*Asks:* 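One structure, pasted below without further comment.
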Amino acid sequence: MAESIRRMLGRETAGGEGVVRGWLRTVRHGKGVSFLDVSDGSCMDGMQVVANPDTEGYEDVVRQLSTGCSVEARGAVVESPGKGQRFEFHATVVELVGEAGEDYPLQKKRHSFEFLRTIAHLRPRTNTIGAVLRVRNAASMAIHEFFQQEDFFYLHTPIVTASDAEGAGEMFRVTTLPIGDPPRDEKGAIDDAQDFFGRPTFLTVSGQLEAEIGALALSRVYSFGPTFRAENSNTARHLAEFWMVEPEAAFYDLNDLADLSERFLKFVFAKVLDRCEDDMAFFAKRIESEAINRMNTVIEKPFERIPYREAVSILEASGEPFEFPVGFGLDLQSEHERWLTEKHAGCPVIVTDWPKDIKAFYMYQNDDEQTVAAMDVLVGGVGEIIGGSQREHRLDVLESTIRGQGLEPDDYWWYLDLRRYGSVPHAGFGLGFERIVQFMTGMANIRDVIPFPRTPGQADF
Ligand code: 4AD
Ligand code: MG
């Protein structure tokens, strides 16, 4: 196997043979010499491969190469006289592996992100999307590392489910019934009993309910998987398919949970800054000049915790001309979230104790009977990145909330059973993985931080 370009560029010293395999980002032909910028995606930098008439295949191969071709070069790693790179690669042989042609869609010029979305099969080869994918990888590994060292077990929660974990009815139906001619019962209604699972099923909106099962057995668990929402919101922060990280811990209250979220974000951001230095430098230079600074703010500053009531008073007193109204019982909009964290606090803000009427059925009801022990973590640029709560572990209160929200207790029988058999206080949150990738990279649109975005009207690739 060829050594990756990342490893080759990281060698202690020049000298020694090697093989470079990858795709041509650019090629420059001079008089009797050609410079090939070869990238294999292993790092931001490509390897500068230098070829001349002594290189085998120079006339037939090298001089015919164009952007986008894949090549294999054999030769030696040498000190580079050029600026901006330690090493370059002097090729003794260059072979064309796959040609690209004049119509290769990724030319040297800067393409818009909108255009790149239409060629999502090729965009990972661009600097920006390549860096996004490496940051996603590093962040994913850091997430696992964090929870493992905190004694949380990775629990695989299901993707196909019969229950609406958020009670919000934003689920995609999963069915094998023929759409045009489904079987009917005596009353003429679609006979769900004949569907694959013998009942209506959906793609999950959250692994939380099953994570609670795990927490009430293993004490601390987390899930990290694809999550689906059929909400028709065409915003720069919403996807129909995204990845959610959901820790759930027994004997945790809201305060413990807020502490966990803070340790978690600090850990993950520090690891990404450490492991993706070049990629992060690229984002700071080309995408968002504050990208690294604001990650450092999260790492260094304690988060501010503000009860929802107080947050509303602060917003009301701000004198800001917000587009959306503010008041007890109204959800915070992105403009309010961003103002609180960017202008008011200057650090991440955890808004706690929300009105129960705008939150999900499973949240722990506070003694005031008006609010629930919920929290949202807000950061600059993006707004809400985490939503979580202490869970209602009292059977009678939970049953009455389920009814009160127009849901059917029977549909949640096993969830209620957890409150019948050895119920304990517990809490958990959900982190939108793409939202933190947006925050870290400064990418404006969430569609550009996931390799294959699914949004209303869009499921290509
Ligand atoms: O606030 P949400 O809806 O919370 C839950 O689903 C809880 N069941 C999680 C839990 O307590 N285990 O979603 C959690 C996070 C949000 O803060 C947001 O970052 C992200 O998931 N999120 C989305 N990200 C991208 N596209 C969407 N459509 C999203 N909806 C939520
Ligand atoms: Mg939320």
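Bear in mind the structure is a predicted one, so any value in this text is a computation, not a measurement. Side chains are part of it too, since the values below use all heavy atoms of this structure and drop only hydrogens, waters and symmetry mates. In each ligand, atom 1 is the first atom listed, and ligand 1 is the first ligand listed.
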*Asks:* Record the part of H238 in heavy-atom contact with ligand 1 below 4.0 Å; permitted values are side chain, backbone, both and neither.
*Replies:* both

*Asks:* Nearest protein heavy atom to atom 15 (C) of ligand 1, by residue and atom, and its distance?
*Replies:* G430 O, 3.5 Å

*Asks:* Considering residues, nucleotides and ligands other than E408, do more than 12 of their heavy atoms fall under 6.0 Å from its CD?
*Replies:* yes

*Asks:* Side chain of Q194, backbone of L177: donor and acceptor closer than 3.5 Å?
*Replies:* no

*Asks:* Counting from 1, what ligand 1 atoms have a heavy atom of G428 closer than 4.0 Å?
*Replies:* 11 (O)

*Asks:* Is D376 close enough to the Mg ion (ligand 2) to have an N, O or S atom under 2.8 Å?
*Replies:* no

*Asks:* Please report which non-hydrogen protein atom sits nearest to atom 20 (C) of ligand 1, along with the residue it belongs to and the distance in Å to one decimal place.
*Replies:* G432 CA, 3.5 Å

*Asks:* How about L24 and V38: do any of their side-chain heavy atoms sit closer than 4.5 Å?
*Replies:* yes

*Asks:* Taking the six-membered ring for Trp, are F202 and F172 ring centroids under 6.0 Å apart?
*Replies:* no

*Asks:* What protein heavy atom sits nearest atom 12 (N) of ligand 1, and how far off is it?
*Replies:* E246 OE2, 2.7 Å

*Asks:* For R305, which of N255, D353, T352 qualifies under side chain to side chain donor-acceptor pair (under 3.5 Å)?
*Replies:* N255

*Asks:* Restricting to N, O or S atoms, which atom of E384 is closest to the Mg ion (ligand 2)?
*Replies:* OE2

*Asks:* Identify the closest protein heavy atom to atom 24 (N) of ligand 1: which residue and atom is it, and at what distance?
*Replies:* F242 CD1, 3.5 Å

*Asks:* When you compare the side chains of E212 and Q208, does any donor N or O come within less than 3.5 Å of an acceptor on the partner?
*Replies:* yes

*Asks:* For R237, is the nearest heavy atom under 4.0 Å from an atom of ligand 1?
*Replies:* yes

*Asks:* If you count the atoms of ligand 1 from 1 in the order shown, which ones are under 4.0 Å from a heavy atom of E384?
*Replies:* 1 (O), 16 (C), 17 (O), 19 (O)

*Asks:* Give the atoms of ligand 1, by number and element, whose distance to some non-hydrogen atom of R391 is under 4.0 Å.
*Replies:* 10 (C), 11 (O), 12 (N)

